[in-house]
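Reminder, nothing fancy here: chain letters follow the sequence lines and each chain counts from 1.
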Amino acid sequence: MPVPPAITDLEQLKNHPAIAKLRAWNPAAVEGAKFDRDEMSIYVERSFIRDACDLLRQNPDCPFNYLADVTCVDWFPSEPRFEVIYHLLSISKKERVRLKVRLDGSSPALDSVTPVWPAANYFEREVFDLFGVRFAGHPYLRRLLMPEDWEGHPLRKDYPVEGYR
Amino acid sequence: MAHLSPVPVLEPGQDRTMILNMGPHHPSTHGVLRLLLEIDGENIVRIMPDIGFLHTGIEKTCEAKFYQQVVPLTDRIDYLCPLTNNLCYVLAVEKLLGLEIPPKAQWMRVMLNELTRINSHLVWLGTHALDIGAMTVFLYCFREREDILRLFEMVSGQRMMTSYFRIGGLALEPPLGFFERVQDFATRFPAKMDEYENLLTANPIWGMRTKGVARITAEDAIALGASGPTLRGSGIDFDLRRDMPYSGYEKFKFKVPISQDGDVFARYMCRVAEMRESIAMVQQALDGMPEGPIKAVAPKVILPDREMMKTQMEALIYHFKIITEGFAVPAGEVYQAVESPRGEMGYYVVSDGTAKPYRVHMRSACLANLQTLPSLCEGRLLADVVAAIGSIDIVLGEIDR
């Protein structure tokens, strides 16, 4: 079962269109990158996520114009605890890229990308509902799947599988 | 830029408008979808979907199961296309493991997936037509759907919750006489398609209820994350099976039907044409079905055959270990997307190197497609809401998970 090792050296990956574009725009925005199992992940600094998404969406060489998904992974108890994950797709170039933002566990918050893609509306509400990550600038950040008066965020790792009793 | 309702809480108090609650138990909402409608006479001013009634926490449950135990859960997300969900999940885990799947298993997967697509589209066509008022189509569609469900039962033992695709291959060899039955269906089905189309496509009442109704532009469809026939109905030529092939789809010849109008009729035409392409692909799969094993060679991951287990010590040990402690998957993460009947179905699986997935996230095509509903309906008549819901083909089980 050969899985080639992941490439995490930013210098080797700098020719990828998304990384090249982001680094040309602002080198501080790219915290790192990983190429693993034919999939590219880019770690984006938290405060740049909305601008980075907008930049990639309008990139003329390879427009990542479609937001496929927004989700989150909880790495409790390690810090930074949350990783918010954006899967972008370029419909014309048939390419995918994954953006990741690391967040602290104490007050996880970042900018909403709804101004860039209205599609993020439900996805971000779901992440807020199930993980308790707040998206600044979201037009209607309320629970999506759980009842309005639910306590806690069920997909967090410190939330028991069978719920609180 | 597409419409995004800024204040979806609807409050009465305007002089002209009233709030109407639709669902959650409304026959045309295809499950338990609740809609809050602000209406001015019969015109929709605003519309707000309220979802979550079917939320069962499947993503959380997955984190407590072994990798192979997640497969039956994936059936239950979208109960109209269980095999597509099975496929998407097993492809993601196989990518994490780096498994090579033998050709026969790949072809079987493609064939059954296309049958699933026809199955799902038949339910859509029947219920969509029923919503708009054409009763006959429903009965015809469910007649053929029953044939497909019998094929699923024959191959997997289950009509709906198949769990037939397993990590590393298929659960069982297809039984004797299975391919003849599929061949029989593939021969009969195109004539049935003509039957449905005779009832609807040129029917003036159908045309009045669907043409020009619930339009969405290509730009809005992309911005709102629509996929599948909802996107292709607006003229975007994108299909994951052709453009980012998986599971051997690159070996099949098929056309991707698109339509330019972006209305209910365009989406109808896309799906009807897709069914014809799918049955042609089933025929291709039957004609070119390779011989050989149905499981990859990976004794630590795939359960051994019953006979091997009873005759070989090693196989018995592997069997015992897989059942009791699962198998470790190398750490990493994978996003695998497949073209489900409704659009881009994606599984994001994160492994931390243990036998249980650290995180399984399902990207639901219906959830994104549902976001288009306000821009489809606002400014139109109340009766068009029913047509619009049918045309985006949502399954609430998949939306709520």
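- Chosen from Ile236(B), Leu96(B), Ile399(B), the residue pairing most often with chain A at heavy-atom distances under 4.5 Å is Leu96(B).
- Using a cutoff of 4.0 Å between basic side-chain nitrogens and carboxylate oxygens, Asp129(A) and Arg142(A) are not scored as salt-bridged.
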| task | Evaluate the ring-ring contact (aromatic ring centres under 6.0 Å, His included) criterion for residues His87(A) and Tyr348(B): first the C-alpha distance (whole Å), next the side-chain angles of each, then the deciding distance (0.1 Å), finally the verdict. | result | CA-CA 10 Å; His87(A) 287 107; Tyr348(B) 176 61; 5.0 Å; yes
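- Looking at Glu59(B), both its backbone and its side chain come within 4.5 Å of chain A, counting heavy atoms on both sides.
- The part of Phe238(B) that comes within reach of chain A is its side chain, from C-beta onward, which places non-hydrogen atoms under 4.5 angstrom from that chain.
- Between chain B and the residues Val70(A), Asp38(A), Val73(A), Leu67(A), the most heavy-atom pairs under 4.5 angstrom are made by Val73(A).
- Contact annotation for Ser41(A): only side-chain heavy atoms (C-beta onward) come within less than 4.5 Å of a heavy atom of chain B.
- When heavy atoms are compared at a cutoff of 4.5 Å, Val350(B) approaches chain A solely by way of its side chain, counted from C-beta outward.
- Here Arg96(A) does not pair with Glu39(A) in a salt bridge; the nearest charged N to carboxylate O distance is not below 4.0 Å.
- Comparing Leu367(B), Leu240(B), Asp400(B) by heavy-atom pairs within less than 4.5 Å of chain A, the highest count is held by Leu367(B).
- In terms of modelled atom types and a separation under 3.5 Å, the side chain of Glu63(B) and the main chain of Arg359(B) share no donor-acceptor contact.
- At a 4.5 Å heavy-atom cutoff, the contact between Ser227(B) and chain A is made by backbone and side-chain atoms alike.
- A cation-pi arrangement, defined by a distance under 6.0 Å to the six-membered ring centre and an angle within 45 degrees of its axis, is absent between Lys95(B) and Tyr246(B).
- For the options Glu126(A), Met146(A), Lys34(A), heavy-atom pairs under 4.5 Å to chain B are most numerous at Glu126(A).
- Between the NE2 atom in His16(A) and the CD1 atom in Ile42(A) there is a gap of 6.0 Å [rounded to 0.5 Å].
- With respect to Asp239(B) and Arg232(B), a salt bridge is recorded, a charged nitrogen being found less than 4.0 Å from a carboxylate O.
- Most heavy-atom pairs under 4.5 Å with chain A, from the set Gly346(B), Pro330(B), Ser364(B): that is Pro330(B).
- Looking at Ala365(B), there are no atoms closer than 4.5 Å to chain A (heavy atoms on both sides), in backbone or side chain.
- Using a 4.5 Å cut-off between heavy atoms, Glu95(A) touches chain B through its backbone atoms (N, CA, C, O) alone.
- Few gaps surround CD on Glu79(A); more than 12 heavy atoms of other groups in view lie less than 6.0 Å from it.
- Using a 4.5 Å cut-off between heavy atoms, Arg143(A) makes no contact with chain B at all.
- Looking at Ile91(A), the atoms closer than 4.5 Å to chain B (heavy atoms on both sides) sit in the backbone and in the side chain alike.
- Looking only at heavy-atom pairs under 4.5 Å with chain B, the residue among Leu144(A), Asp36(A), Ile85(A), Asn65(A) that has the most is Leu144(A).
- Ranked by non-hydrogen atom pairs under 4.5 Å with chain A, the options Thr61(B), Val334(B), Thr372(B), Leu370(B) are led by Val334(B).
- Residues Asn369(B) and Arg342(B) have side chains that never bring a donor and an acceptor to within less than 3.5 angstrom of each other.
- Of all the listed residues (His361(B), His55(B), Arg401(B)), the one sharing the greatest number of non-hydrogen pairs under 4.5 Å with chain A is His361(B).
- Heavy atoms from other residues, nucleotides or ligands lying under 6.0 Å from NZ of Lys321(B) number 12 at most.
- Proximity to chain A involves both the backbone and the side chain of Tyr358(B), based on heavy atoms less than 4.5 angstrom apart.
- Electrostatic pairing of Arg241(B) and Glu339(B) does not count as a salt bridge here, judged by no charged N lying under 4.0 Å from a carboxylate O.
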